[in-house]
Amino acid sequence: MSTMMILVDIGSTFTKVTAVDTGQASILAQSSAPTTIQDVSMGLHTALWGLGFSEEELQQARKLACSSAAGGLRMVAIGLVQDLTAKAAKLAALGAGARVLNTYSFQLTEADREEIAELKPDIILLAGGTDGGNTENILHNAKVLASLPDPVPVVIAGNRSVASEVASCFPEAFSTYIAPNVMPQIGKLQVDPAREVIRKVFMEKIIHAKGLDKAERWIDGIFMPTPAAVLHAGQLLSQGTAKQKGWGDLLIVDVGGATTDVHSLGRGLPTQAGVVVRGLPEPFAKRTVEGDLGVRVSVLSLLEAVGTAVLSQETNWPEVEVEARAELLHNQPDTLPQSREEALFDQVLARQAVKHGVSRHVGSLSELYTPAGLVWVQEGKDLSKVQTVIGTGGVLIKGADPLAVLEGAGRQNDAPLELRPQAPNYYLDGDYIMAAAGLLSREEPEAAFTILTNSLSSHKLVGRDQ
């Protein structure tokens, strides 16, 4: 019986395939080809044949896939209170690998309904109310959503007391799914069940809606969005398997042309004595997406976030040249650097994307004066003791100095109260193995862990002072 499995990542630009031997826990071959959006099976076929195996070998191998093509998984998240159930719904959607188009709280208005109709989400995640708590809000919002002009799959993950009644508000064309409440009690998160339901909807509805089902004549199925596969890989690496010890808490940074995704695996509790935690509990597996921090399509918003003067100083380019280069990269996102100076420009962009993306992901400390005296308050995750930072994405993997980019995730002198990794080891996803390992982990966790560990260990980035 063949022990070869083929793991496929159908991206918006390239389709990447990795063949692995699950028995030997090793990479056999890798290949890629441009994604053919009009019919993804064409690019997939080209990538598969690029592996160098015979038709019989390809047919016998089990083939699993993830995808971020055709815009990825686009969602809208709705809850009751902005900092509670609405935030919990957003965390569930992001953890499922979605791109959250917008988050809504309290009662939806007619303007909200019109905005959601224009956004055209693939899925709506409807939460609101703890179990046994508020029912009016989620029922109101269900009735508003039920009048959308185009049917949308709706995942209901709010107050379980009225979940069935909420589902009955929608016409049959909407395809409703009931998941456990993302916040059954105040201060208690329960996002994993909703994430799994979202994955189910992705497989049942979205693959067909985006035309990705055309690829299923070559593979056994598309099982999750690519960001979810990366998060699965991170969770496997962090926690380990029944036979192999995990790496512990870690941070993954994925720099792309349109977004910078940051994944953290860890509880994020205070590491210093006397610190008080404020705000919603953080999930062990957390993902944030920064749509204004891409290095190509979103480069103009990155420039705005960082400041032209900062990029000018770091690249030694006049500000007018920085702006001109950013305009070019925005208008022609396939542009590759043709000189050392242009490569350095990409490196500076990526480092700033990492720096700002991690800043928004990690927690922070602030001072609070109380009748008992001064106390430190933590909001968000404390990742200061994280020992592992992993970088992935083309600008990192193909860049000349990925360490310089990834060091933007570590301690920053201008942000002493941000709870960033203080002295981590840096690793590069040099084999583009993260998404593949996440797919493999669902069926062969031991092999996936070994392959992932070997690959990352061979791409450990040695600091300049080491």
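Nothing here was measured: the structure is a model prediction, and the numbers come from that model.
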Asker: With rounding to the nearest 0.5 angstrom, report the CD1 to OG distance, I451 to S441.
Answerer: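 Atom-to-atom, I451:CD1 and S441:OG are 11.0 Å apart.
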Asker: Between E136 and K143, does any side-chain N to carboxylate O distance fall below 4.0 Å?
Answerer: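 No salt bridge links E136 with K143.
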Asker: Would you indicate whether the side-chain heavy atoms of V289 and V100 approach each other to under 4.5 Å?
Answerer: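 No; the side chains remain at least 4.5 Å from each other.
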Asker: Donor-acceptor check, side chain of S105 to backbone of V81, threshold 3.5 angstrom: yes or no?
Answerer: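 No; zero donor-acceptor contacts below 3.5 Å.
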Asker: So do L439 and H232 actually touch side chain to side chain, heavy atoms under 4.5 Å?
Answerer: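 With C-beta onward as the side chain, the pair stays apart.
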Asker: Main chain of Q338, side chain of E342: is a donor-acceptor contact present, judged purely on distance under 3.5 Å?
Answerer: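 Looks like yes, one N/O pair under 3.5 Å.
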Asker: Could you tell me the separation between the CG atom of L237 and the CG atom of L456, rounded to the nearest 0.5 Å?
Answerer: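 CG of L456 is found 6.0 Å from CG of L237.
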Asker: Taking all non-hydrogen atoms of both residues into account, name the closest pair between S147 and R113 and its distance.
Answerer: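 Scanning both residues, the minimum pair turns out to be O-NH1, 2.9 Å.
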Asker: Under 6.0 Å from the CZ atom of R267, do we count more than 12 heavy atoms belonging to anything else shown?
Answerer: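 No - once you tally the heavy atoms of other residues, nucleotides and ligands closer than 6.0 Å, there are 12 at most.
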Asker: Is the side chain of D429 donor-acceptor paired with the backbone N or O of G391 at a distance under 3.5 Å, no angle test?
Answerer: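 Here the side-chain-to-backbone pair does not exist.
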Asker: Side chains of E444 and T22: do they bring a donor and an acceptor to under 3.5 Å?
Answerer: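 Short answer, no.
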Asker: Are W247 and L265 side-chain neighbours, meaning at least one heavy-atom pair lies under 4.5 Å?
Answerer: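 Sidechains of L265 and W247: no contact.
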Asker: Taking all non-hydrogen atoms of both residues into account, name the closest pair between T85 and G129 and its distance.
Answerer: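 The answer is CG2-N, 3.9 Å.
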Asker: To check you understand the geometry: which heavy-atom pair defines the closest contact between D254 and G393, and what is its length?
Answerer: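 Heavy-atom minimum between the residues: OD1-CA, 3.7 Å.
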Asker: Would L251 and H263 count as a side chain to side chain contact (heavy atoms under 4.5 Å, CB included) here? Give the steps.
Answerer: CA-CA 6 Å; L251 189 73; H263 312 251; over 6 Å; no
Asker: On a heavy-atom basis, which atom in F202 and which in P225 lie closest, and how many Å separate them?
Answerer: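 That closest heavy-atom pairing would be CE2-N, 3.6 Å.
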Asker: For A305, what residues pass the side-chain contact (heavy atoms from CB on, under 4.5 Å) criterion, not counting sequence neighbours?
Answerer: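 Partners of A305 under the side-chain contact (heavy atoms from CB on, under 4.5 Å) test: D292, L293, R360.
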Asker: Applying side-chain hydrogen bond (donor to acceptor under 3.5 Å, both in side chains), which residue pairs with at least one partner in residues 186-195 are found, sequence neighbours left out?
Answerer: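 Listed once each, the pairs are D192-R195.
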Asker: Return the minimal non-hydrogen interatomic distance between S298 and A258, and the atom names on each side.
Answerer: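 Smallest heavy-atom distance, with atoms named: OG-O, 2.6 Å.
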Asker: Are the side chains of T15 and D9 in touch, meaning some heavy atoms are under 4.5 Å apart?
Answerer: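 T15 does not reach D9 side chain to side chain.
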Asker: Kindly check if the number of other-residue, nucleotide or ligand heavy atoms within 6.0 Å of CD (E110) is above 12?
Answerer: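 Check passes, neighbour count above 12.
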Asker: Report the distance from atom OG of S455 to atom CG of D431, rounding to the nearest 0.5 Å.
Answerer: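 Reported value, rounded in 0.5 Å steps: 3.5 Å.
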Asker: Going through the distances and angles, do S54 and E57 end up as a side-chain hydrogen bond (donor to acceptor under 3.5 Å, both in side chains)?
Answerer: CA-CA 5 Å; S54 68; E57 288 174 315; 3.2 Å; yes
Asker: Could you give me the CA-CA distance, side-chain angles and deciding distance for V17 and Q30, then say whether side chain to side chain contact (heavy atoms under 4.5 Å, CB included) is met?
Answerer: CA-CA 6 Å; V17 295; Q30 291 185 294; over 6 Å; no
Asker: Under 3.5 Å, is there a donor-acceptor pair between the side chain of D261 and the main chain of G357?
Answerer: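 No, the answer is negative, given that no donor and acceptor are paired below the 3.5 Å cut-off.
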Asker: Would you check if R62 and M4 make a side-chain contact, meaning some heavy-atom pair closer than 4.5 Å?
Answerer: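 Not touching, per the 4.5 Å side-chain cut-off.
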Asker: Would you confirm whether R74, through its side chain, and L119, through its main-chain N or O, come within 3.5 Å as a donor-acceptor pair?
Answerer: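 Checked: pair present.
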Asker: Within the side chain of S168, is there an N or O that forms a donor-acceptor pair under 3.5 Å with the backbone of E165?
Answerer: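 Between the backbone of E165 and the side chain of S168 there is a qualifying donor-acceptor contact (under 3.5 Å).
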Asker: In a check of side-chain contact (heavy atoms from CB on, under 4.5 Å) between V348 and each of V295, L311, V405, which one passes?
Answerer: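 Single side-chain contact (heavy atoms from CB on, under 4.5 Å) partner of V348 among V295, L311, V405: L311.
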Asker: For I138 and V162, work out which heavy atoms get closest and say how close.
Answerer: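 Minimum heavy-atom contact is CG2-CG2, 3.8 Å.
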Asker: Got a sec: does the NZ of K90 have more than 12 other heavy atoms crowding it under 6.0 Å?
Answerer: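 No, not enclosed.
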Asker: Taking distance alone, no hydrogens or angles, what donor-acceptor pairs closer than 3.5 Å link side-chain atoms of residues 320-337 to residues at least two apart or in another chain?
Answerer:
unit_1 : atom_1 : unit_2 : atom_2 : d
H330   : ND1    : V297   : O      : 2.8
N331   : ND2    : E327   : O      : 3.1
T335   : OG1    : Q332   : O      : 2.7

Asker: Just do the side-chain hydrogen bond (donor to acceptor under 3.5 Å, both in side chains) check on E418 and S364 with the steps written out, would you?
Answerer: CA-CA 4 Å; E418 290 183 351; S364 61; over 6 Å; no
Asker: Do Q185 and T130 meet the criterion of a side-chain donor-acceptor pair at a distance under 3.5 Å?
Answerer: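 No.
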Asker: Does a side-chain heavy-atom distance below 4.5 Å link I252 with L250?
Answerer: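 Yes, at least one pair of side-chain atoms sits under 4.5 Å.
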Asker: Is the shortest distance from a Lys or Arg side-chain nitrogen in D346 or R296 to a carboxylate oxygen in the other one below 4.0 Å?
Answerer: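 Answer for the salt bridge query: yes.
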Asker: Does a donor on one side chain and an acceptor on the other come within less than 3.5 Å for E115 and Y104?
Answerer: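 Present: a donor and an acceptor within the cut-off.
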Asker: Show the numbers, then the answer: is there a side-chain hydrogen bond (donor to acceptor under 3.5 Å, both in side chains) between E290 and T260?
Answerer: CA-CA 5 Å; E290 306 304 335; T260 290; over 6 Å; no
Asker: So, E282 and K381, do they make that salt bridge, N to O below 4.0 Å?
Answerer: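 Looking at K381 together with E282, the answer is no, because their closest N to O distance does not fall below 4.0 Å.
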Asker: Measure from the side-chain N and O atoms of T46 to the backbone N and O of M42, and report whether any donor-acceptor pair falls under 3.5 Å.
Answerer: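 Between the backbone of M42 and the side chain of T46 there is a qualifying donor-acceptor contact (under 3.5 Å).
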Asker: Can you tell me if CZ on R160 sees more than 12 non-hydrogen neighbours from other groups inside 6.0 Å?
Answerer: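 Not more than 12 within 6.0 Å, no.
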Asker: Is there a side chain to side chain contact (heavy atoms under 4.5 Å, CB included) between V166 and L126? Walk through the geometry before answering.
Answerer: CA-CA 9 Å; V166 170; L126 177 58; 3.8 Å; yes
Asker: If you measure from CD on Q60 to CD1 on I6, what distance do you get to the nearest 0.5 Å?
Answerer: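 It comes to 11.0 Å.
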Asker: In Å, rounded to the nearest 0.5 Å, how long is the span from CG of L440 to CD of E443?
Answerer: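 Rounded to the nearest 0.5 Å, the CG-CD separation comes out at 8.0 Å.
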Asker: Taking Q378 for the side chain and G380 for the main chain, is one N or O donor matched with an acceptor at less than 3.5 Å?
Answerer: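 Side chain of Q378 to backbone of G380: a pair is present.
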Asker: Using side-chain heavy atoms (C-beta onward) and a distance below 4.5 Å, is Y427 in contact with L406?
Answerer: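 When only atoms from C-beta onward are counted, L406 and Y427 do not touch, as no gap falls below 4.5 Å.
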Asker: Count the heavy atoms of every other residue, nucleotide or ligand shown that sit under 6.0 Å from CD of E304, and state whether that count exceeds 12.
Answerer: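 Counting other residues, nucleotides and ligands, CD of E304 stays at 12 neighbours or fewer.
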Asker: Is it the case that more than 12 heavy atoms not belonging to E379 sit under 6.0 Å from its CD atom?
Answerer: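 Enclosed.
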Asker: S67 side chain to I10 main-chain N or O, any donor-acceptor pair under 3.5 Å?
Answerer: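 At least one qualifying donor-acceptor pair exists.
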Asker: Ignoring hydrogens and geometry, is there a side-chain-to-backbone donor-acceptor pair from K286 to F284 under 3.5 Å?
Answerer: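 Flag not set: sc K286 to bb F284 has no pair under 3.5 Å.
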Asker: Quick one: do L73 and I198 satisfy side chain to side chain contact (heavy atoms under 4.5 Å, CB included)? Show the steps, please.
Answerer: CA-CA 10 Å; L73 177 59; I198 293 168; 3.8 Å; yes
Asker: Does N137 reach the side chain of L139, with side-chain heavy atoms less than 4.5 Å apart?
Answerer: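 Side chain of N137 against side chain of L139, heavy atoms only: no contact under 4.5 Å found.
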Asker: Out of curiosity, W49 CH2 to L44 CG, how far, rounded to the nearest 0.5 Å?
Answerer: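 So the gap between those two atoms works out to 12.5 Å.
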